[in-house]
Amino acid sequence: TDGQRSMLDIISRNGERLLTLADDLLLTAKLHANKEQQPDDPVDLRDIAKESNDSIMAALNGRSIRLKLDLPSTPVMVTASSFHLERAITNLLSNAIKFSLEGGEVTLGVSIVGKEAIVEVSDNGIGIPRDELESVFDRFHRSPNAEKNAIQGTGLGLSIVKSIVESHRGSIALTSELNKGTTVRMAFPLASLRVPIQASGK
């Protein structure tokens, strides 16, 4: 019946949330225990950013939020796990969408500054209160602003992102202003590209 179908949909959604939570907890534990080994292969951050942008489109669910992708024309190479970096960027995009209002804009940018590769995710949404900024990367932290606006989440997203960034010898910073938006900036060391030495012959 329609009623049974509705109940099954609710059970399915809750089951998916529990699986996501369990997956997040396992990944967090591995990263904090330094048991998650990262590969040594150089990857282009532009490709990872494109994949994250494409995968997050479904999260819009018909909302009138503009996604803007700002990528350089040349490769941005880092030594990293594509899977984990995509997860970090996708988590940030998901957060930005959750905290955005209808008609808002979310921007994902990749650039090079000095010897670092930079990934920035910014939005012009509801923002985070100043007194909450020091706690945003704590595990299970939920901002009162998020609860007030009935924004779903486990409070693990930013903690996981920080752990992934640090496991890649990177750094992360967040700036936010209430009712004006939030920007998260991740910085990674650029990959050392080895140029093969050719033997000279006569």
Side-chain angles (χ1 to χ4, degrees), residues 24 27-28 30-32 34 36 38 43-53 56 59 65 67-72 75-101 104-146 149 151 153-191:
D24 287 347
L27 177 58
T28 301
K30 287 180 180 179
L31 291 169
H32 278 274
N34 295 319
E36 196 72 12
Q38 309 299 347
V43 296
D44 191 343
L45 267 178
R46 299 178 306 166
D47 294 336
I48 299 174
K50 289 176 185 175
E51 291 173 5
S52 295
N53 187 75
I56 206 65
I65 296 172
L67 290 182
K68 182 181 177 184
L69 190 59
D70 186 9
L71 303 178
V76 181
M77 306 302 294
V78 296
T79 302
S81 159
S82 297
F83 172 79
H84 284 147
L85 286 196
E86 183 181 348
R87 182 159 187 174
I89 296 172
T90 302
N91 273 4
L92 293 182
L93 288 173
S94 177
N95 268 3
I97 291 170
K98 286 179 184 177
F99 284 84
S100 290
L101 301 174
E105 181 176 276
V106 173
T107 301
L108 167 59
V110 175
S111 61
I112 294 177
V113 178
K115 296 182 179 181
E116 291 185 317
I118 307 298
V119 179
E120 278 193 353
V121 175
S122 61
D123 65 73
N124 55 1
I126 65 176
I128 303 169
R130 182 174 296 179
D131 58 354
E132 294 286 326
L133 292 178
E134 291 185 2
S135 305
V136 292
F137 293 111
D138 293 347
R139 276 183 283 182
F140 300 109
H141 174 76
R142 290 275 292 154
S143 169
N145 206 25
N149 288 276
I151 296 173
T154 61
L156 282 171
L158 285 177
S159 174
I160 289 173
V161 172
K162 183 181 179 184
S163 296
I164 290 174
V165 171
E166 291 178 345
S167 74
H168 287 82
R169 296 177 292 114
S171 61
I172 186 169
L174 182 148
T175 57
S176 186
E177 191 171 349
L178 199 60
N179 299 320
K180 290 192 176 180
T182 300
T183 296
V184 182
R185 184 180 190 267
M186 300 183 290
F188 302 96
L190 287 169

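Within the 3.5 Å criterion, the main-chain N or O of Gly181 finds a donor-acceptor partner in the side chain of Ser176.
Minimum heavy-atom separation, Val113 to Arg185: CG2-NH2, 4.4 Å. A pairwise comparison of heavy atoms in Ala49 and Val110 identifies CB-CG2, 3.9 Å as the closest pair.
To the nearest 0.5 angstrom, Phe99 atom CZ is 7.5 Å from Thr182 atom OG1. Atom CD1 of Ile164 and atom CZ of Phe188 lie 8.5 Å apart (nearest 0.5 Å). The CG atom of Asn124 sits 8.0 Å away from the OG1 atom of Thr107 when rounded to the nearest 0.5 Å. The distance from atom NZ of Lys162 to atom CG of Leu174, rounded to the nearest 0.5 Å, is 11.5 Å. The distance from the NE2 atom of His84 to the CD1 atom of Ile160 is 10.0 Å, given to the nearest 0.5 Å. Interatomic distance, Ile56 CD1 to Ile97 CD1, rounded to the nearest 0.5 Å: 4.5 Å.
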- prompt: Leu178 and Ile128: side-chain contact (heavy atoms from CB on, under 4.5 Å), yes or no, with the steps?
  reply: CA-CA 5 Å; Leu178 199 60; Ile128 303 169; over 6 Å; no
message: Between Ser81 and His168, is the side-chain contact (heavy atoms from CB on, under 4.5 Å) condition met? List the steps.
response: CA-CA 8 Å; Ser81 159; His168 287 82; 3.9 Å; yes
message: I'd like to know whether Leu45 forms a side-chain contact (heavy atoms from CB on, under 4.5 Å) with Leu85, so could you lay out the CA-CA distance, the side-chain angles of the two residues, the decisive distance to 0.1 Å, and finally the verdict.
response: CA-CA 9 Å; Leu45 267 178; Leu85 286 196; 3.8 Å; yes
message: Walk me through whether Leu93 and Ser52 qualify under side-chain contact (heavy atoms from CB on, under 4.5 Å).
response: CA-CA 8 Å; Leu93 288 173; Ser52 295; 4.1 Å; yes
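Between Pro75 and Arg46 there is a side-chain heavy-atom pair separated by less than 4.5 Å. Counting heavy atoms from C-beta outward, Met186 and Ile118 have side chains that stay 4.5 Å or more apart. Between Thr183 and Glu120, the closest side-chain pair of non-hydrogen atoms falls below 4.5 Å. Here the side chains of Leu67 and Leu108 are not in contact, with every heavy-atom distance at 4.5 Å or above. Annotation: side chain of Val165 is in contact with side chain of Val161 (closest heavy-atom distance under 4.5 Å). Between Ile65 and Glu105 there is no side-chain heavy-atom pair separated by less than 4.5 Å. Counting heavy atoms from C-beta outward, Val76 and Ser111 have side chains that stay 4.5 Å or more apart.
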